Enquirer: 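Before anything else, here's the structure in question.
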Amino acid sequence: MNIEYVKNPAACDVDFITKQINQETSKYGEAYPFAFFMRDNDSNIIAGANGFVIYGAIYTDQLWVSKDYRGQGFARRIMDKVHEFGKLEGCKIASVQTMSFQNAQSFYKKLGYVQDFKRAGYVNGSNCIFMRKAL
């Protein structure tokens with residue numbers, strides 16, 4: 001048996017793994033992806049977030065706003081939707097992680113997140129900052 005590296009895996013292959021894990025851990029709930037997008041009048045994505053709902057928590061993996069639209073409250077609006085969705089799905093906490101060079105920690109603090117821990121060892125002496133918030 002060989003191990004295959006796949007740079008951009010097909011969604012159906014990732015879904016297969018998620019379904020297998022969910023079957024084995026069904027007494028704890030399930031994990032499933034979510035995404036929110038904002039589009040301009042031409043249907044181009046100008047902002048978005050994605051992540052997972054997993055065992056009573058909502059984890060935002062990525063949050064992005066186009067440079068042309070930053071400073072207009074789009075990231076906050078998207079995260080408000082993430083939190084609303086998490087509550088509807090029965091989540092008790094929300095979590096994010098950000099890199100120290102992204103300068104997003106203060107944004108998440110304004111949303112009520114607190115730092116869980118900081119992990120060193122990344123490129124150019126940077127840290128990965130793990131944050132959480134009660135819903």
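Note that this is a predicted model, so its numbers are computed, not measured.
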Enquirer: What are the two closest non-hydrogen atoms of Ile58 and Phe34, and how far apart are they?
Expert: CG1-CE2, 3.5 Å
Enquirer: Would you name the heavy atoms of Ile21 and Thr25 that are closest together and state the gap between them?
Expert: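 In this case the closest contact between Ile21 and Thr25 is O-OG1, 2.8 Å.
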Enquirer: Testing the basics here: between Ala49 and Ile78, what is the closest heavy-atom pair and its distance to 0.1 Å?
Expert: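 Closest pair (atom of Ala49, atom of Ile78, distance): CB-CG2, 3.5 Å.
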Enquirer: Of all the heavy-atom pairs spanning Val53 and Cys91, show the shortest one and how long it is.
Expert: CG1-SG, 3.8 Å
Enquirer: Quick one: pull up NZ in Lys133 and CG in Leu111 and give me the separation to the nearest 0.5 Å.
Expert: 6.0 Å
Enquirer: By the side chain to side chain donor-acceptor pair (under 3.5 Å) test, which pairs, at least two apart or in different chains, include something from residues 104-117?
Expert: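 Sorted pair list: His83-Tyr113, Gln105-Gln115, Asp116-Arg132.
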Enquirer: Only pairs at least two apart or in different chains count here, so list each salt bridge (charged side-chain N to carboxylate O under 4.0 Å, His left out) that has a residue in residues 5-23.
Expert: none
Enquirer: Which residue pairs satisfy the salt bridge (charged side-chain N to carboxylate O under 4.0 Å, His left out) criterion with at least one member in residues 62-72, sequence neighbours excluded?
Expert: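 Sorted result for residues 62-72: empty, none.
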Enquirer: Can you list the steps and then say if Tyr69 with Met38 is a side-chain contact (heavy atoms from CB on, under 4.5 Å)?
Expert: CA-CA 11 Å; Tyr69 293 91; Met38 293 181 79; over 6 Å; no
Enquirer: Evaluate Val96 against Leu63 for side-chain contact (heavy atoms from CB on, under 4.5 Å), listing each step before the verdict.
Expert: CA-CA 9 Å; Val96 298; Leu63 171 64; over 6 Å; no
Enquirer: Only counting residues at least two apart or in another chain, list the ones meeting side chain to side chain contact (heavy atoms under 4.5 Å, CB included) with Asn8.
Expert: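 Partners of Asn8 by the side chain to side chain contact (heavy atoms under 4.5 Å, CB included) criterion come out as none, since no residue qualifies.
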Enquirer: Closest approach of Phe101 and Val123, non-hydrogen atoms and distance?
Expert: CE2-CG1, 4.4 Å
Enquirer: Could you work out, with side chain to side chain contact (heavy atoms under 4.5 Å, CB included) as the rule, every residue matching Tyr122, not counting sequence neighbours?
Expert: Met99, Arg119, Ser126, Cys128
Enquirer: Could you tell me if the ring centre of Phe117 sits under 6.0 Å from that of Phe130?
Expert: yes
Enquirer: Mind checking whether Phe107 and Ile46 sit in one hydrophobic cluster, side chains of I, L, V, M, F, W, Y counted as touching below 4.5 Å?
Expert: yes
Enquirer: Is there a side-chain contact (heavy atoms from CB on, under 4.5 Å) between Met79 and Phe36 once you walk through the steps?
Expert: CA-CA 9 Å; Met79 290 305 292; Phe36 289 95; over 6 Å; no
Enquirer: So, for Ala47 and Val65, which heavy atoms are closest and what is the spacing to 0.1 Å?
Expert: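 Heavy atoms of Ala47 and Val65 come nearest at CB-CG2, 3.9 Å.
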Enquirer: Taking only residues two or more places apart in sequence, or in another chain, which ones meet Asn22 in a side chain to side chain contact (heavy atoms under 4.5 Å, CB included)?
Expert: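 Only Thr18, Glu30, Ala31, Tyr55 meet the side chain to side chain contact (heavy atoms under 4.5 Å, CB included) criterion with Asn22.
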Enquirer: Within the distance-only criterion (no hydrogens, no angle test), does the side chain of Asn127 pair as donor or acceptor with the backbone N or O of Ile129 below 3.5 angstrom?
Expert: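 Between the backbone of Ile129 and the side chain of Asn127 there is no qualifying donor-acceptor contact (under 3.5 Å).
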Enquirer: Would you compute the distance between atom CD of Gln97 and atom NZ of Lys118 and round it to the nearest 0.5 angstrom?
Expert: 14.5 Å
Enquirer: Using the six-membered ring wherever Trp is involved, compare the ring planes of Phe85 and Tyr32 and label them parallel, tilted or perpendicular (cut-offs 30° and 60°).
Expert: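 Because their plane-to-plane angle is over 60°, the rings of Phe85 and Tyr32 count as perpendicular.
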Enquirer: Step by step, would you call Leu135 with Lys92 a side-chain contact (heavy atoms from CB on, under 4.5 Å)?
Expert: CA-CA 5 Å; Leu135 294 179; Lys92 302 298 181 205; 5.9 Å; no
Enquirer: Rounded to the nearest 0.5 Å, how far apart are CG of Asn41 and CZ of Arg39?
Expert: 12.5 Å
